[in-house]
Amino acid sequence: MLDPAIIIEQSDLIRETARKKGLSFDLDRFIELDTKRRKLQVEADKLRSQKNEANGKIAKMEGEERQAVIAEMKLVADQEKTLSEDLREVEKEWKILLLQAPGLMSDKTPEGKDDGDNVELYTWGKPRSFEFEAKDHVQLGLDLDIIDIERGVKIAGSRNYFLKGDGALLELAILNYTLQKLVAKGFTAFLPPMLVKHEAMLGTGYFPGGEDQAYALGVQRPGEAIESDDKYLIGTSEVSVASYHKNETLSEEELPKLYAGYSYCFRREAGTYGKDTHGLYRIHQFQKVEQVVLCKNDKEESAKMHEFLLKNAEEVLQDLALPYRVVAVCSGDMGQGQYYKNDIETWMPSRGSYGETHSCSTFLDFQARRLNIKYKDANGDKRFVHTLNNTCIASPRILIPLLEQYQNKDGSITIPEVLQPYMGGKSKITKTI
RNA sequence: GGAGAGAUGGCAGAGUGGUCGAAUGCGGCGGUCUUGAAAACCGUUAGGCCCGCAAGGGUCUCCUGGGUUCGAAUCCCAGUCUCUCCGCCA
């Protein structure tokens, strides 16, 4: 959410930002409503003030005089009621629009329409060249009996899978390794709720707009029965962890908060029919270790944190010796609330390209305003924190490059050294039976 | 799932229709005293919105949303959450 004052005062900038991000935001309507809202509030406040003044007096009056004033105030109360209703109506629409206003955008963000316009900043590592015919992760998983997509689909529908045996253990190893690494860097580990209230989705900026992508429990959809739970499955632990301090005022000394959320993530992937249907790339359920940061309301500070989060994720890929590149996400591929965003794309041999595995975002105070998370600064003033987040590892997508890059000619998979302690010391995944 | 109790400021806790945004205590902050500290004493100590260059003023908020009333922390309705007891259960 933007500071409403900014929308009014810098309307040209906001209009431009909405255009660049490809968002529709009815700025003119917002300004119109804002003007109306102020006017109505001034009038309503005046009538309320009249009422309050009379209330004190009526208590002390008696007889006819009292009855006369009460009769008079009855009229004022009626007027006030009508006016308040109008005000409430206007505010309602005003708030809905405010939630749709685009967050500010960094100068560093390249302008573009979609992910095709993202700009590569640098690469790390070299894709492996195979001296034998390499398999893709689906074939490897099937042959080693560690990934079972067919049965996953049988049980849970399209875009579902089982991880099995060493496949299951490997995923846990990667996640555990990553979490430990973050904890060693000062992060606090979180196992957050995966089922959250509407306000958490709203506060982090996924709603309104992203309702299609979230699994909802007990919420009425067209043609479906109504149930009483109004709960949503998170698409990322960012939703729960960033909301952790909702409606709280922190002290400046305790910032930055470095949080590592570990959870399953659920995504409906609506509107992606036919896209990335092969293998474990685009699926409905995965596990992720997410970095979430709350820091001071200072662009330099959040830029520093952004760099920090990016490097943490890169380190994990470097530990795993997986080649990757970092891109600057362009305006059109960025979310409503994001100020600056980098994706890390890891080399995936079977795709013959880099595929998105991480997403690092700076929000400034966009989320903090919605979540009402403040801190008291050195002057004693209350300010909204800045929030950031970045994937540290997400699996099973990361298994795609991992399995494919680490495969051997005999069909076995070498387990990266850093993961071996998390796999009971095992160094290879081989065919069992 | 059944029965009951409750939700008030940072915390504890009064207040059951009329100057109540709210007593009191604790905590926090500032000060007096002190070589320093403690104790004691004095003062101060919520947030949102609106008007205003500012000083300042108005308004809203006692879980949330409606309602009754000239007037609601207090009365009514709905919802949420917490606690206790019983049942069920990973």
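Order of the sequence lines sets the chain letters (A, B, ...), proteins ahead of strands, with each chain counted from 1. Hydrogens, waters and symmetry mates play no part in the numbers below; they use all other heavy atoms, side chains included.
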Tell me: [atom1] of [X] to [atom2] of [N], nearest whole Å?
X         : N       : atom1 : atom2 : answer
Ile8(A)   : rC49(B) : CD1   : P     : 14 Å
Phe384(A) : rG47(B) : CZ    : P     : 12 Å
Glu53(A)  : rG71(B) : CD    : C1'   : 14 Å
Arg369(A) : rG48(B) : CZ    : C1'   : 13 Å
Glu80(A)  : rC60(B) : CD    : C1'   : 11 Å
Lys231(A) : rC81(B) : NZ    : P     : 7 Å
Lys376(A) : rU45(B) : NZ    : P     : 13 Å
Leu87(A)  : rU61(B) : CG    : P     : 13 Å

- Walking RNA chain B from its 5' end, the first of Asp45(A) and Lys374(A) to be reached, judged by nearest nucleotide, is Lys374(A)

- Message: Judged by each residue's nearest nucleotide on RNA chain B, which is more toward the 5′ side, Ala59(A) or Ala44(A)?
- Response: Ala59(A)

Could you work out the separation of [N] and [M] based on their [atom1] atoms and round it to a whole Å?
N       : M       : atom1 : answer
rU44(B) : rA3(B)  : C1'   : 48 Å
rU64(B) : rU74(B) : P     : 11 Å
rG15(B) : rG52(B) : C1'   : 37 Å
rA23(B) : rG87(B) : C1'   : 44 Å
rA12(B) : rG65(B) : C1'   : 29 Å
rC29(B) : rG10(B) : C1'   : 13 Å
rC63(B) : rA73(B) : C1'   : 12 Å
rC70(B) : rC81(B) : C1'   : 35 Å

Remember a base hit wins even if backbone is also touched, and classify [X] as base, sugar-phosphate or nothing at under 4.0 Å, heavy atoms.
X         : value
Lys81(A)  : sugar-phosphate
Ala54(A)  : nothing
Lys382(A) : sugar-phosphate
Arg37(A)  : sugar-phosphate

Looking at [X], I'd like to know whether one of its side-chain N or O atoms comes within less than 4.0 Å of OP1 or OP2 on [N].
X        : N       : result
Arg88(A) : rG66(B) : yes
Lys51(A) : rC70(B) : no
Asn52(A) : rG71(B) : no

Taking any strand in view, what nucleotide pairs with [N] in a Watson-Crick or G-U wobble way, both distances under 3.5 Å?
N       : result
rG56(B) : rC51(B)
rA90(B) : none
rU44(B) : rG28(B)
rA73(B) : none
rA22(B) : none
rA7(B)  : rU80(B)
rA39(B) : none

Any idea how [X] and [Y] line up, ring-wise: parallel (<30°), tilted (30 to 60°), or perpendicular (>60°)?
X         : Y         : result
Phe207(A) : His198(A) : tilted
His284(A) : Tyr215(A) : perpendicular
Tyr422(A) : Tyr177(A) : perpendicular

[X]/[Y] ion pair, N-O < 4.0 Å:
X        : Y         : value
Arg19(A) : Glu111(A) : yes
Glu43(A) : Lys46(A)  : no
Glu85(A) : Arg88(A)  : no

- Message: Can you confirm if the aromatic rings of Phe286(A) and Phe266(A) lie within a centre distance of less than 6.0 Å?
- Response: no

Taking the side chain of [X] as its heavy atoms from C-beta onward, which of [options] lies nearest to it?
X        : options                   : answer
Val42(A) : rC70(B), rC51(B), rC60(B) : rC51(B)
Ala77(A) : rC60(B), rC70(B), rG58(B) : rC70(B)
Ile70(A) : rC70(B), rG18(B), rU59(B) : rC70(B)
Asn55(A) : rC60(B), rG71(B), rC50(B) : rG71(B)

- Message: With a 3.5 Å cut-off and heavy atoms only, can you find an N or O donor on one side and an acceptor on the other between the side chain of Arg38(A) and the base of rG58(B)?
- Response: no

- State, with a plain yes or no, whether a side-chain heavy atom of Leu104(A) is found less than 4.5 Å away from one of Leu13(A). yes

